[in-house]
Chemist: 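Below is a structure I'd like to ask you about.
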Amino acid sequence: MKCLLNDWRRTNFAKTTTPEISGEKVTVMGWVHEIRDLGGIIFVIIRDVTGKVQITAPSKKVESEILEELRKFRKESVVAIKGMVQEAGKAPNGVEIIPEEIKILNMANQPLPMDPTEKVKAEIDTRLDSRFLDLRKDNTSAIFKIKSRMLHTIRDYFYSQEFIEINTPKLVASATEGGTELFPITYFEKEAFLGQSPQLYKQMMMASGMDKVFEIGQIFRAEEHDTLRHLNEAVSIDAEASFMDDVDVMKILNDMLIQVLNDINDKCSNELEILGHEIEIPKKDFPKVTYDEAVDIVNSNDVEMEWGEDLSRAAEKALGDVMGGFYFLTEWPSEIKPFYVMPYENDESKSHAFDLMYNNLELSSGATRVHQYELLVKQIEDKGLNPAGFGSYLKAFEYGMPPHAGWGVGADRLTMVLTGSENIRECVLFPRDRHRLTP
């Protein structure tokens with residue numbers, strides 16, 4: 001049995017095999033999704049990246065050699081079929097293909113580690129262990145098609161706003177934001193770390209005169225969380241812009257997400273239907289609530305919260321229940337924000353920092369940054385950090401650093417919102433958490 005393509009080439013995908021081409025010969029390729037052998041007729045559903053198409057082989061119309069080849073098919077085997085398209089109202093896309101030639105490209109072993117048809121349900125760990133099979137499911141692949149479109153739209157938006165795309169190191173010599181949430185690695189004779197964020201490099205780019213930059217890349221946090229919304233490796237969408245403050249970059253983030261919501265709604269309607277998820281598009285800019293107001297809202301909903309604390313999970317839920325949808329949480333206490341966040345001039349206890357929330361899920365953090373060398377050194381020291389560990393970063397602030405602001409968005413969490421997923425692991429191809437390092 002040959003498995004090479006030779007002169008075989010796909011002419012049609014499942015979604016392009018429609019009643020409009022009834023009577024034409026086509027070549028389709030994909031995976032065997034289902035097989036039904038009724039004796040006098042064999043039905044095979046072939047699945048490809050665009051959907052499913054039915055192969056119908058009546059014994060009166062199809063040569064016996066082809067029928068025998070069809071009976072060799074196993075679920076999830078990779079096959080190629082040439083045949084004639086004809087209308088069939090009950091079949092996928094309203095058509096079926098009467099096979100004339102068959103090529104088995106790769107036979108799948110049996111039994112399968114999990115069932116992509118979901119007639120037998122699998123737990124999340126089983127699915128992640130066999131992710132290549134899990135991705136063959138319509139609802140799983142729909143999530144990643146939406147994620148792909150989301151990233152496409154985001155890049156288009158940045159380019160339309162004249163942002164420059166950059167790529168920053170993921171091997172770093174010191175912490176980006178302080179703290180202990182770092183993965184140390186051996187780097188020749190030195191100790192290095194996996195990058196928590198591109199933050200320091202984004203700011204250094206402001207001194208370069210590039211004006212507005214963005215990056216979409218991996219970040220690593222050595223947090224011992226074990227929740228439905230945390231991972232230790234994630235994708236972050238980061239932006240930084242010169243001669244702007246927190247209000248300006250909140251507007252950029254707001255408009256970018258509105259464009260994403262519209263684009264997903266328009267171009268991923270089939271995937272949203274598969275997931276049974278509807279996207280509600282705000283008719284105006286996202287509302288804003290100050291940290292002070294948030295503390296009052298949380299406490300008035302029977303959740304205790306002291307001023308100066310970060311939001312607990314219970315506090316996030318209480319606030320989300322009141323606010324709903326997308327909203328900005330502004331004027332955070334300086335004490336709980338990183339050293340590079342600009343404090344208010346008339347009240348240093350508050351900062352020009354914001355979070356973007358969706359219901360009770362934090363999607364983004366951003367701020368006006370400190371651009372004055374002396375203030376930056378002071379804030380590094382006030383956080384208990386050693387300025388000597390930030391030498392290359394600080395040098396950029398001595399030679400003409402403009403005022404600037406920026407933010408980072410969790411791409412995987414944003415995908416949760418766009419797809420209605422409850423578990424962030426659903427939105428990452430091969431998630432990395434404290435328990436999972438394979439596949």
Chemist: Closer than 3.5 angstrom, by distance alone: can the side chain of Thr153 be matched with the main-chain N or O of Arg149 as a donor-acceptor pair?
Modeler: yes

Chemist: In sequence, state the C-alpha distance, the side-chain angles, and the governing distance for Arg131 and Asp134, and then conclude on salt bridge (charged side-chain N to carboxylate O under 4.0 Å, His left out).
Modeler: CA-CA 5 Å; Arg131 192 58 148 164; Asp134 187 51; 2.5 Å; yes

Chemist: To the nearest 0.5 Å, how far apart are CZ in Arg74 and CD1 in Ile35?
Modeler: 10.0 Å

Chemist: Any Lys/Arg nitrogen of Arg47 or Glu76 sitting under 4.0 Å from an Asp/Glu carboxylate oxygen of the other?
Modeler: yes

Chemist: Sub-3.5 Å donor-acceptor pair from the side chain of Ser130 to the main-chain atoms of Arg127, do we have one?
Modeler: no

Chemist: Say whether, by atom type as modelled, one donor and one acceptor occur between the side chain of Asn254 and the main chain of Phe286 under 3.5 angstrom.
Modeler: yes

Chemist: Please report the shortest heavy-atom distance between Met29 and Leu5, naming the atom on each side.
Modeler: CE-CD2, 3.8 Å

Chemist: Counting distance only, does the side-chain N/O of Gln379 pair as donor-acceptor with the main-chain N or O of Val341 below 3.5 Å?
Modeler: yes

Chemist: Within a reach of under 6.0 Å around CG of Asn386, are more than 12 heavy atoms found that belong to other residues, nucleotides or ligands?
Modeler: yes

Chemist: Using modelled atom types only, decide if a donor and an acceptor are shared between the side chain of Thr227 and the backbone of His230 within a distance under 3.5 Å.
Modeler: yes

Chemist: Between the side chain of Lys383 and the main-chain N/O of Glu335, is any donor-acceptor distance below 3.5 Å?
Modeler: yes

Chemist: I'd like to know if the side chain of Asp238 reaches the main chain of Gln199, judged simply by a donor and an acceptor atom lying under 3.5 Å from each other, with no hydrogens or angles considered.
Modeler: no

Chemist: What are the two closest heavy atoms between Ser141 and Leu135, and how far apart are they?
Modeler: CB-O, 3.5 Å

Chemist: Say whether Ser421 and Glu426, considering side chains only, have a donor N or O and an acceptor N or O under 3.5 Å apart.
Modeler: no

Chemist: Strictly under 6.0 Å, is that where the ring centroids of Tyr344 and His352 end up?
Modeler: yes

Chemist: Report the distance from atom NZ of Lys170 to atom CD of Gln218, rounding to the nearest 0.5 Å.
Modeler: 8.0 Å

Chemist: Any chance you could measure Cys427, atom SG, to Arg229, atom CZ, to the nearest 0.5 Å?
Modeler: 12.5 Å

Chemist: Check for a donor-acceptor pair, side chain of Tyr291 on one end and backbone N or O of Gly308 on the other, with a separation under 3.5 Å.
Modeler: yes

Chemist: Does the salt bridge (charged side-chain N to carboxylate O under 4.0 Å, His left out) test come out yes or no for Lys15 and Asp48, once each step is laid out?
Modeler: CA-CA 9 Å; Lys15 76 173 183 180; Asp48 64 24; over 6 Å; no

Chemist: With a 3.5 Å distance limit and no angle check, can you tell me whether Ser208 reaches the backbone of Met205 through a side-chain donor-acceptor pair?
Modeler: yes

Chemist: Quick check on Lys317: does its NZ atom have over 12 non-hydrogen neighbours (other residues, nucleotides or ligands) under 6.0 Å away?
Modeler: no

Chemist: Can you tell me if Thr50 and Lys52 form a side-chain donor-acceptor pair at under 3.5 Å?
Modeler: no

Chemist: For the CD1 atom of Ile146 and the CG atom of Leu418, what is their distance to the nearest 0.5 Å?
Modeler: 7.0 Å

Chemist: Under a 4.5 Å cut-off applied to non-hydrogen side-chain atoms, are Val26 and Val53 in contact?
Modeler: no

Chemist: Does the side chain of Asp246 pick up a donor-acceptor pair with the side chain of Thr368 at under 3.5 Å?
Modeler: yes

Chemist: Applying side-chain hydrogen bond (donor to acceptor under 3.5 Å, both in side chains), which residue pairs with at least one partner in residues 296-310 are found, sequence neighbours left out?
Modeler: Asp292-Trp307

Chemist: Between Glu240 and Phe163, what is the shortest heavy-atom contact and its length?
Modeler: O-CE2, 3.8 Å

Chemist: Between Lys395 and Glu398, is a salt bridge (charged side-chain N to carboxylate O under 4.0 Å, His left out) present by the stated rule, with each step listed?
Modeler: CA-CA 5 Å; Lys395 187 176 181 180; Glu398 296 186 78; over 6 Å; no

Chemist: Could Glu215 and Lys202 be called an ion pair, given the rule that one side-chain N must be under 4.0 Å from one carboxylate O?
Modeler: no

Chemist: Please report whether the ring centroid of Phe214 lies less than 6.0 Å from that of Phe158.
Modeler: yes

Chemist: Quick check: closest heavy atoms across Ile216 and Leu151, and the distance to 0.1 Å?
Modeler: CG2-CD2, 4.1 Å

Chemist: Do any N or O atoms from the side chain of Asp433 and from the backbone of Arg436 form a donor-acceptor pair under 3.5 angstrom?
Modeler: yes

Chemist: Yes or no on salt bridge (charged side-chain N to carboxylate O under 4.0 Å, His left out) for Lys212 and Glu162, after CA distance, side-chain angles and deciding distance?
Modeler: CA-CA 7 Å; Lys212 295 185 288 188; Glu162 299 184 335; 5.1 Å; no

